[in-house]
J.: 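The structure follows.
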There are 2 protein chains.
Amino acid sequence: MTDAPRLAGTPTLEDVARAAGVSRATVSRVINGVRNVDPVIQEAVRRAVSLTGYAPNRAARSLVTRRTDAIALVVSGAGVDPEPADGAPAADTADPESGSSFTAQVFADPFFGRVVTGVVNYLRPRGMHPVLMFAETSRAREDVVSFLRQGSADGALVVSTHAEDPLPGMLTDAGLPAVLYARPARPVRISYVDLAHQDGARLAAEHLLARGCRRLATITGPLDVPAGQDRLAGFRDTMAQHGHPYIPIAEGQFTQESGEAAMERLLAEHPDLDGVFAANDLMAMGACHVLREQGRRVPEDVAVIGFDDSSAASACRPPLTTVRQPVEAMAAEMARLLIDGLSKPDGATTSVIFEPALVVRDSA
Amino acid sequence: MTDAPRLAGTPTLEDVARAAGVSRATVSRVINGVRNVDPVIQEAVRRAVSLTGYAPNRAARSLVTRRTDAIALVVSGAGVDPEPADGAPAADTADPESGSSFTAQVFADPFFGRVVTGVVNYLRPRGMHPVLMFAETSRAREDVVSFLRQGSADGALVVSTHAEDPLPGMLTDAGLPAVLYARPARPVRISYVDLAHQDGARLAAEHLLARGCRRLATITGPLDVPAGQDRLAGFRDTMAQHGHPYIPIAEGQFTQESGEAAMERLLAEHPDLDGVFAANDLMAMGACHVLREQGRRVPEDVAVIGFDDSSAASACRPPLTTVRQPVEAMAAEMARLLIDGLSKPDGATTSVIFEPALVVRDSA
DNA sequence: CTGAAAGCGCTAACAC
DNA sequence: GTGTTAGCGCTTTCAG
């Protein structure tokens with residue numbers, strides 16, 4: 001305390017080593033928990049660490065280990081490019097309202113929060129962290145790729161919200177480690193986790209039939225994405241097997257508004273229906289609203305069943321009967337696949353499919 | 001192409017320099033846009049860059065610049081510690097359901113998505129990225145501090161959800177750059193952005209009065225946080241000024257469920273009320289549900305006004321009249337304060353207060 | 001305007 | 001079991 005040299009900035013390994021009377025290598029070993037270090041020295045080092053207030057420099061470590069312990073959590077969008085014509089200067093002053101529709105929309109669906117929860121729960125105990133990225137324009141996609149190429153993150157976890165998303169292909173082409181949430185619309189050699197959507201839709205169909213509904217309809221998700229297609233196929237197939245070869249459908253976009261519009265169309269053409277399967281909870285909520293506005297009771301007059309079991313499902317009135325998608329577990333598995341894959345020689349891809357479950361509440 | 005040496009891994013500055021026939025320093029200059037480089041050479045370097053497919057290594061750069069271009073976006077919670085007793089091994093297998101209540105809850109409120117939107121809009125054009133962190137336990141808070149101390153991020157943007165949050169103090173004590181969303185419950189020397197909550201509550205009060213409501217009540221937010229206190233104070237003061245010194249209140253927790261419960265309590269004690277100010281939209285929605293269930297029409301029998309103007313406000317039935325909080329702009333400003341502060345000598349703190357605005361829809 | 005050289009702080013062989 | 005040493009890839013004085 002008397003003649004401790006005024007350290008320039010934050011203490012380094014060197015400072016700790018000096019304080020403990022050992023070499024940098026030894027300090028490094030105890031900090032990284034490498035065995036073969038005398039317990040007595042370990043203790044001395046630990047004391048020196050807390051004495052100096054040492055914190056390892058992540059950049060220096062990354063430089064040699066080639067690991068950052070960060071992963072990119074990217075929400076990827078459509079292929080459309082609402083950017084200004086080429087040559088325009090990069091927008092510097094971020095207009096807080098415009099250009100934000102994508103991110104705003106992403107979080108409007110409780111789905112994404114569940115993905116984050118699952119990912120963080122897996123990453124955190126491992127000392128890793130997610131960097132949030134949105135890839136809704138080609139520019140943004142390039143950013144994701146260069147972010148990873150610069151070694152800013154060890155790999156990417158991508159949740160794609162639209163079909164024809166070029167990002168998964170870009171990632172594999174660049175040889176970057178990545179795992180998707182949901183099978184890509186176009187085949188790409190990449191690992192992913194997904195849900196057995198058709199099984200879920202079957203569960204919904206059978207429940208509706210079992211409770212006595214006979215004039216059924218479905219509000220589908222966007223039909224260009226596998227989840228939308230599969231949920232429709234599963235519902236239709238099951239209905240056909242039970243003697244209902246023709247089922248009225250109205251396509252939605254997984255948003256509450258689109259669910260309302262779809263329900264209105266359905267009701268206009270089929271005023272007598274008594275059961276509706278919506279391909280997600282948000283649309284099911286929209287359907288319930290419209291139904292009530294038009295004087296139908298849910299579930300007495302029309303039964304409604306959703307999909308996902310999002311937080312909105314239990315919160316809304318009436319609480320939604322729905323098909324549960326274990327999003328948190330799927331997201332954690334996605335993280336696991338990525339992390340495990342980092343240590344293995346690249347090339348192999350793995351996919352894990354989860355099974356849905358019916359959750360019966362009040363709407364059907 | 002004939003005798004190009006097989007490059008071990010990804011190309012480095014050295015490789016580009018060789019390909020362009022210049023020194024590393026020169027390549028570095030053109031890549032970083034430092035002036036004083038011959039245009040001809042610049043062009044040659046650029047060609048070499050794309051020829052080699054070079055991408056600068058972020059860790060190496062950070063090591064010398066002491067900047068990561070990453071910022072921690074942390075959602076901070078209460079001071080409670082639901083951790084196992086000391087000595088228990090760190091939970092390695094992340095249970096996807098448990099321990100997730102905090103993150104799940106965070107995203108249930110559309111508020112957080114708006115914060116992310118604002119932050120990302122500001123960061124992105126500047127080549128910076130947010131690392132998502134949750135600080136709901138003391139362990140998690142320590143992690144945030146060490147993350148920053150290791151230089152993994154240049155600073156922190158913190159959104160605190162509860163009073164008595166020790167994180168802001170920990171950050172300033174450690175001399176780490178940080179900016180808060182909302183004034184801390186206890187005074188801490190730190191920059192923040194906030195809303196003029198009292199003005200917002202006044203807007204709500206005056207609107208209710210103007211539409212003829214005379215038997216008013218309010219569902220408050222948690223009364224240990226400034227936002228909850230201020231919205232109540234603003235409402236009460238305005239009411240008092242207009243001859244309503246006594247206003248029934250019921251405390252909520254900013255969640256829909258708590259709003260429902262509060263509304264039930266209010267109705268039980270004051271069955272004749274004709275206007276309710278809820279301190280946020282989620283609670284206002286809960287109130288509307290309860291009101292309708294009990295046979296009251298909104299707004300004919302009871303007018304309801306919310307706060308925030310979250311996405312839920314316009315989506316719900318009836319669409320909510322509410323007080324708009326410009327969350328995206330506030331979040332962007334928070335990011336700006338942090339980034340600007342990084343280059344300045346530390347010490348100075350700045351706070352920016354935003355003004356709310358009334359948004360009239362159908363519920364009042 | 002460009003090149004040479006000195007590190008940034010850490011890990012990982014490799015000796016002892 | 002511990003120390004020595006050589007870089008990881010980049011930026012940045014400092015000469016020229």
Side-chain angles (χ1 to χ4, degrees), chain A residues 7-46 48-49 52-69 127 146-152 154 343, chain B residues 7-46 48-49 52-69 127 146-152 154 343:
Chain A
L7 298 175
T10 46
T12 74
L13 253 200
E14 183 72 49
D15 299 319
V16 179
R18 199 176 305 132
V22 297
S23 71
R24 286 209 310 274
T26 298
V27 178
S28 177
R29 288 188 187 104
V30 352
I31 284 174
N32 294 301
V34 180
R35 56 176 168 281
N36 293 344
V37 177
D38 185 319
V40 179
I41 294 195
Q42 282 196 35
E43 191 43 37
V45 170
R46 280 188 223 298
V49 165
T52 54
Y54 172 73
N57 179 309
R58 213 58 112 97
R61 178 180 293 183
S62 289
L63 186 53
V64 32
T65 61
R66 265 108 216 313
R67 279 278 230 134
T68 60
D69 287 343
S146 73
F147 186 77
L148 290 164
R149 294 217 325 136
Q150 296 182 359
S152 300
D154 300 331
S343 49
Chain B
L7 299 175
T10 46
T12 74
L13 253 200
E14 182 72 49
D15 299 319
V16 179
R18 199 177 306 134
V22 297
S23 72
R24 287 210 307 274
T26 299
V27 178
S28 176
R29 288 188 187 103
V30 352
I31 283 175
N32 294 302
V34 179
R35 56 176 168 281
N36 294 344
V37 177
D38 186 318
V40 179
I41 294 194
Q42 282 196 35
E43 190 43 37
V45 169
R46 280 188 223 298
V49 166
T52 54
Y54 173 74
N57 180 309
R58 213 57 111 98
R61 178 179 294 183
S62 289
L63 186 53
V64 31
T65 61
R66 264 110 214 311
R67 278 279 230 135
T68 60
D69 287 343
S146 72
F147 185 77
L148 291 164
R149 293 218 325 136
Q150 297 182 1
S152 300
D154 300 331
S343 49

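Because only heavy atoms are used, hydrogens play no part in the values below, and waters and symmetry mates are left out as well, while side chains stay in. Each chain gets a letter, A, B and so on, in the order the sequences are listed, and its residues count up from 1. Owing to the predicted nature of the structure, the values given are computational and were not obtained by experimental measurement.
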J.: Just how far, in rounded Å, is C1' of C:dC10 from CZ of B:R149?
T.: 17 Å
J.: With a 3.5 Å distance limit and no angle check, can you tell me whether B:N32 reaches the backbone of B:V34 through a side-chain donor-acceptor pair?
T.: no
J.: Judged by each residue's nearest nucleotide on DNA chain C, which is more toward the 5′ side, B:A60 or A:V64?
T.: B:A60
J.: Looking only at the side chain of B:L13 (C-beta and beyond, no hydrogens), which of the listed nucleotides D:dC10, D:dG7, C:dT2 gets closest?
T.: D:dC10
J.: Without decimals, in angstroms, what is the distance between B:E14 CD and D:dT11 C1'?
T.: 14 Å
J.: Please report the interatomic distance OG1(B:T68) to CG(B:L63), rounded to the nearest 0.5 Å.
T.: 12.5 Å
J.: By side chain to side chain contact (heavy atoms under 4.5 Å, CB included), which residues pair with A:R46, not counting sequence neighbours?
T.: A:V30, A:Q42, A:E43
J.: Considering just the side-chain nitrogens and oxygens of B:N57, establish if one lies under 4.0 Å of OP1 or OP2 belonging to D:dC8.
T.: no
J.: From CZ of B:R18 over to P of C:dG3, roughly how many Å is that when rounded to an integer?
T.: 14 Å
J.: From CG of A:N32 over to C1' of C:dC10, roughly how many Å is that when rounded to an integer?
T.: 9 Å
J.: Could you work out which one of D:dC8, C:dT2, C:dT11 sits closest to the side chain of A:R61?
T.: C:dT11
J.: Please determine, for the side chain of A:P56, which listed nucleotide (D:dG1, D:dC10, C:dC10) has the closest atom?
T.: C:dC10
J.: So does B:T26 get a side-chain nitrogen or oxygen closer than 4.0 Å to the phosphate oxygens (OP1/OP2) of C:dT2?
T.: no
J.: Which atom pairs link the protein and nucleotides 4-6 of chain C when you take only N or O atoms and keep those under 3.5 Å?
T.:
residue, atom, partner, partner atom, Å
C:dA6, N6, B:R24, NH2, 3.3

J.: Is the shortest side-chain N/O distance from A:T65 to OP1 or OP2 of C:dT11 below 4.0 Å?
T.: no
J.: To the nearest angstrom, how far is A:I41 atom CD1 from D:dG1 atom C1'?
T.: 8 Å
J.: Take atom CG of A:D15 and atom P of C:dG9, then tell me their distance rounded to the nearest Å.
T.: 9 Å
J.: Closest approach of A:I31 and A:Y54, non-hydrogen atoms and distance?
T.: CD1-CE2, 3.3 Å
J.: Quick check on D:dG9: is either OP1 or OP2 less than 4.0 Å from any side-chain nitrogen or oxygen of A:R66?
T.: yes
J.: Indicate the atoms forming the closest heavy-atom contact of A:R58 with B:F147, along with that distance.
T.: NH2-CD1, 4.2 Å
J.: Under the rule for side chain to side chain contact (heavy atoms under 4.5 Å, CB included), what residues qualify as partners of A:V64, not counting sequence neighbours?
T.: none
J.: Tell me: CD of A:E43 to C1' of D:dG1, nearest whole Å?
T.: 18 Å
J.: Looking only at side-chain N and O atoms, does B:N36 come under 4.0 Å of OP1 or OP2 in C:dC1?
T.: yes
J.: Could you tell me the separation between the CZ atom of B:R58 and the C1' atom of D:dC8, rounded to a whole number of Å?
T.: 17 Å
J.: Please find the pair of heavy atoms, one from A:A55 and one from B:R149, that lie closest to each other, and give the distance.
T.: CB-NH2, 3.6 Å
